[in-house]
Amino acid sequence: MHIDTQARGFELSAEVRDHVQRRLGFSIDWAHDRVNGVSVVLSDINGPRGGKDKRCRIQVAVAGAADVRIDDTQADLYLAIDRAVDRAGRALARQVARQRQRQPGRSRDARAALSVAVPPADLTTTTV
């Protein structure tokens with residue numbers, strides 16, 4: 001799973017980049033086969049004035065579905081990252097559940113196709 005992390009208005013440190021990678025790995029790695037990519041944009045809205053101005057925007061590209069987009073703003077950058085990642089994980093779980101509901105019996109059809117593709121074993125018996 002490719003994670004693209006960018007910072008706007010400040011220098012992106014290795015610690016922040018590692019924190020984003022680690023948190024996203026915990027939160028959405030279970031769906032790595034459905035995720036095409038993740039984009040994270042971190043920004044400082046007010047600049048040096050301070051206040052509740054650290055923003056974390058996450059966009060998860062989901063195969064066969066609309067992208068999951070999350071935006072969270074907090075006074076602390078790490079808190080904004082943590083909250084946005086948690087929300088992205090929950091939103092991705094809902095998205096995957098909706099995909100499964102739209103395709104009922106898909107796994108059953110796949111199992112049926114496998115059973116047809118494998119020829120049955122020769123069941124003839126010989127007596128000695």
Side-chain angles (χ1 to χ4, degrees):
M1 173 174 50
H2 176 71
I3 301 172
D4 178 36
T5 307
Q6 300 175 7
R8 299 204 176 127
F10 64 94
E11 188 70 28
L12 181 63
S13 68
E15 293 83 17
V16 172
R17 183 184 304 273
D18 291 343
H19 183 73
V20 169
Q21 299 271 343
R22 185 174 48 255
R23 289 293 307 209
L24 281 169
F26 291 144
S27 184
I28 65 174
D29 194 46
W30 60 270
H32 69 277
D33 58 330
R34 296 179 185 265
V35 174
N36 293 333
V38 181
S39 173
V40 179
V41 178
L42 306 170
S43 58
D44 187 357
I45 300 167
N46 293 337
R49 291 180 293 187
K52 185 177 175 181
D53 67 340
K54 307 299 188 284
R55 178 185 290 156
C56 177
R57 286 188 173 170
I58 299 176
Q59 181 172 348
V60 181
V62 183
D67 290 356
V68 172
R69 293 186 179 121
I70 300 295
D71 190 348
D72 199 273
T73 305
Q74 298 293 323
D76 179 52
L77 179 61
Y78 286 94
L79 182 59
I81 292 168
D82 292 346
R83 286 176 46 105
V85 167
D86 289 343
R87 290 174 54 207
R90 289 192 307 270
L92 180 60
R94 285 191 305 271
Q95 185 79 289
V96 168
R98 280 193 293 267
Q99 279 184 316
R100 287 182 183 152
Q101 286 176 350
R102 289 186 195 128
Q103 300 172 350
R106 181 175 170 202
S107 61
R108 182 175 50 237
D109 294 340
R111 284 192 300 264
L114 281 176
S115 66
V116 170
V118 177
D122 185 17
L123 297 177
T124 58
T125 58
T126 58
T127 56
V128 182

Just by distance, with hydrogens left out, do Q59 and R57 show a side-chain donor and acceptor under 3.5 Å apart?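 No.
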Side-chain donor-acceptor contact under 3.5 Å, R55 with Q74: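 Per modelled atom types, R55 and Q74 side chains form no pair under 3.5 Å.
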Start with the C-alpha distance between W30 and V96, add both sets of side-chain angles, then the distance that settles side-chain contact (heavy atoms from CB on, under 4.5 Å), and finish with yes or no. CA-CA 11 Å; W30 60 270; V96 168; 4.0 Å; yes
So how far is it from [X] [atom1] to [Y] [atom2], rounded to the nearest 0.5 Å?
{"X": "D53", "Y": "D44", "atom1": "CG", "atom2": "CG", "result": "4.5 Å"}
{"X": "R17", "Y": "R22", "atom1": "CZ", "atom2": "CZ", "result": "13.5 Å"}
{"X": "S39", "Y": "H2", "atom1": "OG", "atom2": "NE2", "result": "8.5 Å"}

Is a side-chain N or O of Q99 found less than 3.5 angstrom from the main chain of R34, in a donor-acceptor match?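 Between the backbone of R34 and the side chain of Q99 there is no qualifying donor-acceptor contact (under 3.5 Å).
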Within a 6.0 Å radius of atom CZ on F26, are there more than 12 heavy atoms belonging to other residues, nucleotides or ligands?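 No, not enclosed.
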Just do the side-chain contact (heavy atoms from CB on, under 4.5 Å) check on N36 and V62 with the steps written out, would you? CA-CA 6 Å; N36 293 333; V62 183; over 6 Å; no
Could you pull out every donor-acceptor pair under 3.5 Å between side chains of residues 77-95 and any protein atom, sequence neighbours left out?
unit_1: D82; atom_1: OD1; unit_2: H19; atom_2: NE2; d: 2.7
unit_1: R83; atom_1: NE; unit_2: D72; atom_2: OD1; d: 3.4
unit_1: R83; atom_1: NE; unit_2: D72; atom_2: OD2; d: 3.3
unit_1: D86; atom_1: OD1; unit_2: R23; atom_2: NH2; d: 2.6
unit_1: R87; atom_1: NH1; unit_2: D71; atom_2: O; d: 3.0
unit_1: R87; atom_1: NH1; unit_2: D72; atom_2: OD2; d: 3.1
unit_1: Q95; atom_1: OE1; unit_2: R98; atom_2: NH2; d: 3.4
unit_1: Q95; atom_1: NE2; unit_2: A66; atom_2: O; d: 2.8

In this structure, would [X] and [Y] fall into the same cluster of hydrophobic residues linked by side-chain contacts under 4.5 Å?
{"X": "L12", "Y": "V40", "value": "yes"}
{"X": "V41", "Y": "V35", "value": "no"}
{"X": "I58", "Y": "I3", "value": "yes"}

